[in-house]
Amino acid sequence: MSGSDVTRGGVGGSQPGRDALTGARGGRGRHRRRRGRGEQPMVPEARFSSYYGKPVLNKPTWKPLDIAGYLWLGGLAGGSSLLAAGAQATGRPALARAAKLGAAGAISASLAALVHDLGRPARFLNMLRVFKPTSPMNMGSWLLAGYAPLTVAAAAAEVTGRYRMLGAGATAAAAVLGPAVATYTAVLISDTAVPSWHEGYREMPFVFAGSGASAAAGLALACVPTGQAGPARRMAVLGAALEMGTFQLMKRRMGLVAEPFEQGGPHKLLRAAELLTAGGAALSALAGRRGSRPLAVAAGAALLSGSAALRFGVFHAGVASAEDPKYTVVPQRERLRTRAG
Amino acid sequence: MTEGSTAAVHGAGGAAPSGNLLFGPQPNVAEAAGYPDAPPRMGFFTDTSVCIGCKACEVACKEWNAVPEDGLELTGMSYDNTQGLGADTWRHVAFIEQRKPLGGQEPGVHHGGFDVFEAARQLGASPSSPGPGATAPPPESAPAGAPAGEISPVSPDGRTELRWLMSSDVCKHCTHAACLDVCPTGALFRTEFGTVVVQEDVCNGCGYCVPACPYGVIDQREGDGRVWKCTLCYDRLGVGMEPACAKACPTDSIQFGPLEELRERAAARVAQLHAAGVTDARLYGESPDDGVGGDGAFFLLLDEPEVYGLPPDPVVTTRDLPAMWRHAAMAAASLAALGIASFVRRPR
Ligand code: SF4
Ligand code: SF4
């Protein structure tokens, strides 16, 4: 029953909110209404039906640290490969060294995170038993299978000082694949039924591209003497601008399903990401002008953590959107209504 | 949501679709998946208008497929303690109570002026009710206020509407199955019957299929790491038997058979219900034109899908995949350009 006692005297002890009401706009889904300080809802409260407020979707089973970490490290590696190749071509040995090591380290760690997240890690290589363009994770595995060895070869040549020609070739090839490594992860999460990930599929790759660039720039800023870090500073500013601009664009386009980005934990993370990334970019410009190492290190740390906060924010917002039936039902209802004319 | 992608996938013309479409009608899934002489596509038609919520299907499924127990909790929200589909629940009977009459309903609780409560209280105590053999008081002795010849009101305002909706949910075995599309290992595959099955010896537990499914069906089993869902009893189909749930269903709410035949049967059943005054009756997931190209397991519902916890307009996520790859390629090119721009002039 709906929690009420039907007696001869009528209905007693009824528990409001437990009834499954009739029709598309019958009940109000029970959802948390946490909203950051006095913010206006982007879309008026929608009335919709649900099955006792239960989610329609099964939420991602991915572990946040592994998969958000995987997204972040992939961007860091991809951006670093670009810096490595550029530094190599323009004769900035310290920058090239830091970027090569950064790319190899980040991609190795991201692979470790990916394998660690599997329910059956020993079966990791099953990812390569097919070639399947409809599966971004499969495509990503092939991409990493090509990219990771290149970065490791480039880093090994750098460290040992041997096979320099091979190392240079590997660095250049890694720079060709790097941008794909940084952006394919956006397709990975968008190609799901998770509302706040799927609806952002147009802008998410650009957000991740910018975020990857600013992370790579951050690592370089933290590790490289100011004299050679000029390109990293420019990359920091450009990357931050790309990331923040396209993220705003994405939220504006998404409508109701942008809401999870504006609420609770994800909102805090994304706000922190914004402050850290913008602050880091500004600091890096300042560090360049003053030639100050400590400032550059602070800028680098801010950019790296800003990029990480963005990935964790996006990750958790997606999970939140899958957990609330509102974000599945309301846009779909809206779609049906529009189609009906 | 609707971009050029749809047209791109359909290719030129859009006549008799063949090969692997990501979206749209696909009359021959098994052939498109590479079975030259496939048997007819098999599926379920779940007619929820005759479901009695007995959960025989849930039990039969667990038994036949040796699905482990997944918590014995009482939800307190309704008679439904299973809650939803998951790794260890491949059939789930939803239970909904509504203040709404079932069209043309014969409630069968007509008292005809006879009050059982009063009669029970009088049993053996009153001369008119001396015990066994004489239980019916004369109609005029019914207490004042008891409505003669009507159903007892169940709500204070005197309304009597009440209906229970029960529906056995299951994997939809989509024509365009997102779970199958995104699986990186090929563990999920299309069978010759047009159904979607996980090969548990291949699945590496990446979990990608879980958020990809627009219906929230497939899930990862804790402690096992792999994902599990309804197989439409692939093992039983292989030897010409019907799935365990359909076999166990006492009211034939779950009907199994060739999809074409089920669709005809379903259309007839809807017409019959409409004629009987149950105007709420509608089919869900039967149309090959919907966002997943039609479900292999479809339903007759008596209310909007979301009331049962089903998405009102599911779309296979891979419909937009070509557009996603395009956007990612553009973003990668932008990133490369950004990298070059960072080096073009030495800022000092
Ligand atoms: S996408 Fe979901 S409903 Fe469709 S076949 Fe896969 S698990 Fe079943
Ligand atoms: S969890 Fe298993 S079945 Fe699901 S996508 Fe990964 S490998 Fe495929």
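Naming: A, B, ... by sequence-line order, numbering from 1 per chain. Keep in mind that what you see is a predicted model, and the values were worked out from it rather than measured.
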Check whether any side-chain heavy atom of [X] sits under 4.5 Å from a side-chain heavy atom of [Y], and report yes or no.
{"X": "B:T318", "Y": "A:D191", "answer": "yes"}
{"X": "B:L321", "Y": "A:P136", "answer": "yes"}
{"X": "A:R339", "Y": "B:D313", "answer": "yes"}
{"X": "B:E306", "Y": "A:Q332", "answer": "no"}
{"X": "A:H198", "Y": "B:V315", "answer": "no"}
{"X": "B:Q220", "Y": "A:N58", "answer": "no"}

Please state whether the rings of B:H92 and A:Y51 are parallel, tilted or perpendicular, taking 30° and 60° as the class boundaries.
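Rings of B:H92 and A:Y51: perpendicular, as their planes differ by over 60°.
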Region of [X] in contact with chain B, defined by heavy-atom distances below 4.5 Å:
{"X": "A:L128", "result": "neither"}
{"X": "A:M139", "result": "side chain"}
{"X": "A:F208", "result": "neither"}
{"X": "A:L83", "result": "both"}
{"X": "A:K59", "result": "backbone"}
{"X": "A:P133", "result": "backbone"}
{"X": "A:S141", "result": "neither"}

What's the spacing between [X] [atom1] and [Y] [atom2] if we round to 0.5 Å?
{"X": "B:H327", "Y": "A:F206", "atom1": "NE2", "atom2": "CZ", "answer": "6.5 Å"}
{"X": "A:T328", "Y": "B:L310", "atom1": "OG1", "atom2": "CG", "answer": "12.0 Å"}
{"X": "A:L188", "Y": "B:M324", "atom1": "CG", "atom2": "CE", "answer": "10.5 Å"}
{"X": "A:L125", "Y": "B:N204", "atom1": "CG", "atom2": "CG", "answer": "9.5 Å"}

Between chain A and each of [options], count heavy-atom pairs under 4.5 Å; write down the option with the most.
{"options": "B:V210, B:L85, B:V217, B:D181", "result": "B:D181"}
{"options": "B:A94, B:C213, B:S334", "result": "B:A94"}
{"options": "B:G309, B:A331, B:G225, B:G205", "result": "B:A331"}
{"options": "B:A329, B:A328, B:G339", "result": "B:A328"}

Most chain B-contacting option - heavy-atom pairs closer than 4.5 Å, from [options]:
{"options": "A:A186, A:S190, A:G140, A:A89", "answer": "A:S190"}
{"options": "A:A85, A:A175, A:G318, A:A87", "answer": "A:A87"}
{"options": "A:L57, A:L82, A:V187", "answer": "A:V187"}

Which portion of [X] sits near chain A, non-hydrogen atoms under 4.5 angstrom:
{"X": "B:C206", "result": "both"}
{"X": "B:A178", "result": "neither"}
{"X": "B:Y208", "result": "both"}
{"X": "B:V316", "result": "neither"}

Would A:R120 and B:D224 count as a salt bridge (charged side-chain N to carboxylate O under 4.0 Å, His left out) here? Give the steps.
CA-CA 8 Å; A:R120 292 286 168 110; B:D224 174 279; 3.4 Å; yes
Could you go step by step and tell me if B:E304 and A:S49 meet the side-chain contact (heavy atoms from CB on, under 4.5 Å) rule?
CA-CA 8 Å; B:E304 301 290 356; A:S49 287; 5.9 Å; no
Could you pull out the closest heavy-atom pair between [X] and [Y], with the gap in Å?
{"X": "B:P312", "Y": "A:R333", "result": "CB-NH2, 3.8 Å"}
{"X": "B:P184", "Y": "A:N138", "result": "O-ND2, 2.9 Å"}
{"X": "B:A332", "Y": "A:P179", "result": "O-CB, 3.3 Å"}
{"X": "B:R226", "Y": "A:R123", "result": "CD-NH1, 3.6 Å"}
{"X": "B:P211", "Y": "A:V194", "result": "CB-CG2, 3.6 Å"}
{"X": "A:A193", "Y": "B:P214", "result": "CB-CA, 3.8 Å"}

Checking A:L95 against B:F343 for the side-chain contact (heavy atoms from CB on, under 4.5 Å) test, could you report, in this order, the C-alpha distance in whole Å, the side-chain angles of both residues, the deciding distance, and whether it holds?
CA-CA 12 Å; A:L95 180 59; B:F343 282 94; 4.2 Å; yes
Enclosure of B:Q199 CD (heavy-atom neighbours >12, cutoff 6.0 Å):
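Count over threshold, so yes.
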Test your reading of the model: is there a side-chain donor-acceptor pair from [X] to the backbone of [Y], 3.5 Å cut-off?
{"X": "A:S135", "Y": "B:V182", "result": "yes"}
{"X": "A:K132", "Y": "B:C183", "result": "yes"}
{"X": "A:N126", "Y": "B:T185", "result": "no"}

